[in-house]
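See below for the structure under consideration.
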Amino acid sequence: MRFNLFRQSDVPEKYRSNFWHLYSDIAWFGVLSGTAVNFLNVYATRLGASGLQIGLLAAMAAIVNLFLAIPAGRWIEKQHTGRAVFWSSIVFRIGYVLWIPLPWLFNAQGQIWTLIVLAFLMAIPLTPLGVGFNALFAESVPDRFRAQVAGTRNITFAITYMVTSFGAGILLKNMPFEAGYTAIFAIGAFGAAMSSYHIYHVIPLEESLPRPSIPQPAPTPQTDSPRGIKSALRLDIWSTPFRNILLALFFFHLAQYLTTPIYPLYNVRILHLNDSNIGTGTALFYLMVLIGSTQLRRATQHFGNKKVTAWGAAGTALYPFMLAAAHTVWHYYVLSFLGGFLFAMVNGAYINYMLEYIPANDRPSHLAWYSIILNIAILASSLAGPSIAQVIGLTNALILFGVLRILAGFAILKWG
């Protein structure tokens, strides 16, 4: 039975199947994210991982993406978008199955380095998946429904993430260490498989649009000329207004991801939170994401995607500021609850904000460049975050990164 959340009388019948499968995809992705992905850094921290090793878990994907994003974009252009995204998701998510036996196969450092190697290998199919899914979303959801679908996806994700992260925390608290994480990784792998199943059923509605004509190098020695390289890399995109969008979103993602390797270190080593505390805090965060997502469509209709993105980006500074001032688990619960609302705004609006500036017949190449700047930001922040924290301390680093989030919001508002 489909819940009332998904029954939208204003949606034409021809779009409803796509919307339903997009909601189901993100629901199962929430199961994956609330279990295996959510507790991965916590697991690595409890195994004794350093800040650099935690940063490398995220940096591996960024390194691979920098080399493969443009080829992946050009490959997506020549494929059926839905099938390309589906098979990329299958190959990528096989990696989650390989997490399951790790607690029983290696010692602590062996597991950490195996996870880093798997992150590198999984990043290869993740690159076309990341480029292609945004294109698939744009092709399968008409512009007038994108805020509505994005908001409902946020709500759906928040529900399953909230429930599974809370349940995973309880499960980990009441099971032996190795058995608990084996179970968490298995649940996540099942959620990944179901997510891919629903991606398979999302059908692009714009297949009749002509594919962009990409200039091909002449079959002469000029193939390696500057003009040929420029065409192959689609450097012409940097001569369009989309350049400002890319730069603004780069600053936003840099400020956003600088905190990623800091959170598990602070939560485990400073606040001394257990897995149940972290699961509860995550559930509270996504409870507020759920509530905030119900207001996303109204907010974007009134203010526009750009302003919602900008003010949401600046507002996310609240989370690192409050975490830096936290001393007890109850402080952590309060900041988790409050931090979710603005995250819901920016997370639901920024993709639609970006899509507004991308030509409908040239999405893969534009999204490939977005994928590149996203992963440069992830790579830089994954390595710089722990290094900065080591020099100035975890608390001061959180405050500094919060300030950068405010500046990123103003950069989007003024120059984006």
Side-chain angles (χ1 to χ4, degrees), residues 30 33-34 37-39 41-42 150-166 168-169 252-253 255-268 270-300 302-303 307-350 385 394-410 412-413:
S33 300
V37 175
N38 183 36
F39 284 92
N41 285 342
V42 176
T152 305
R153 277 171 58 86
N154 274 354
I155 294 170
T156 309
F157 178 81
I159 292 172
T160 56
Y161 195 115
M162 179 175 58
V163 172
T164 54
S165 63
F166 182 74
F252 161 61
H253 287 307
Q256 178 188 31
Y257 285 104
L258 277 167
T259 58
T260 299
I262 306 301
Y263 288 154
L265 299 175
Y266 195 92
N267 291 340
V268 172
I270 305 298
L271 291 183
H272 304 291
L273 303 179
N274 60 38
D275 292 334
S276 180
N277 298 148
I278 294 171
T280 301
T282 304
L284 290 172
F285 182 91
Y286 278 93
L287 173 61
M288 203 60 185
V289 171
L290 187 157
I291 295 171
S293 296
T294 63
Q295 303 304 310
L296 177 64
R297 185 182 184 187
R298 180 181 300 176
T300 55
H302 186 71
F303 297 106
K307 288 185 177 179
V308 172
T309 300
W311 291 111
T316 58
L318 180 69
Y319 192 96
F321 285 158
M322 293 184 67
L323 184 61
H327 299 290
T328 71
V329 66
W330 293 104
H331 293 154
Y332 173 70
Y333 290 158
V334 171
L335 71 92
S336 296
F337 186 77
L338 295 178
F341 182 84
L342 289 169
F343 175 81
M345 293 291 105
V346 68
N347 193 54
Y350 88 88
L394 291 172
T395 301
N396 290 333
L398 288 172
I399 294 172
L400 172 62
F401 300 157
V403 171
L404 291 179
R405 288 184 174 193
I406 294 175
L407 296 177
F410 281 109
I412 293 172
L413 194 63

Side-chain heavy atoms of Trp311 within contact of Leu342, under 4.5 Å: no
Donor-acceptor under 3.5 Å (His302 side chain, Arg298 main chain): no
Nearest-0.5 Å distance that lies between atom OH in Tyr350 and atom OG1 in Thr309: 9.5 Å
N/O donor-acceptor pair under 3.5 Å between Arg405 side chain and Gln256 backbone: yes
Audit row: Phe321, Ile399, side-chain contact (heavy atoms from CB on, under 4.5 Å) steps and yes/no: CA-CA 5 Å; Phe321 285 158; Ile399 294 172; 4.2 Å; yes
Nearest-0.5 Å distance, CE of residue Met288 to CZ of residue Phe341: 6.0 Å
Shortest non-hydrogen contact between Ala313 and Gly409, atoms and distance: CB-CA, 4.0 Å
Heavy-atom side-chain contact between Met322 and Val334 under 4.5 Å: yes
Closest non-hydrogen atom pair, Val289 against Ala344: O-CB, 3.5 Å
Spacing of Leu287 atom CG and Thr280 atom OG1 [to the nearest 0.5 Å]: 12.0 Å
Mutual orientation of the aromatic rings belonging to Tyr161 and Phe157 [parallel < 30°, tilted 30-60°, perpendicular > 60°]: tilted
Heavy-atom pair with the smallest gap, counting every atom of Gly30 and Thr160: CA-OG1, 3.3 Å
From OG1 (Thr300) to CE (Met345), nearest 0.5 Å: 8.5 Å
Intermediate values then yes/no, side-chain contact (heavy atoms from CB on, under 4.5 Å), Asn38 and Tyr286: CA-CA 12 Å; Asn38 183 36; Tyr286 278 93; over 6 Å; no
Expected output: side-chain Tyr332 to main-chain Gly281 donor-acceptor under 3.5 Å: no
Between Tyr319 and Tyr263, ring centroids under 6.0 Å: yes
Rounded distance (nearest 0.5 Å) linking atom CG of Leu284 with atom CG of Leu335: 10.0 Å
Polar side-chain atom of Asn347 near backbone of Phe343 as donor-acceptor pair, under 3.5 Å: no
Which atom of Pro264 lies closest to which atom of Asn41, heavy atoms considered: CG-CB, 3.9 Å
Asn277 side chain reached by Asn267 side chain, heavy atoms, under 4.5 Å: no
Tyr257 and His253 aromatic ring geometry - parallel, tilted or perpendicular at 30°/60° bounds: tilted
Derivation and outcome, side-chain contact (heavy atoms from CB on, under 4.5 Å), residues Phe166 and Thr282: CA-CA 7 Å; Phe166 182 74; Thr282 304; over 6 Å; no
Point-to-point distance, once rounded to the nearest 0.5 Å, from CD1 of Ile262 to OG1 of Thr395: 10.5 Å
Phe401 vs Leu404 side-chain heavy atoms within contact, under 4.5 Å: yes
Closest contact, heavy atoms only, Ser165 versus Ala283: OG-N, 3.6 Å
Considering all heavy atoms, the nearest Ala349-Val308 contact: CB-CG1, 3.7 Å
OH (Tyr333) with more than 12 external heavy atoms under 6.0 Å: yes
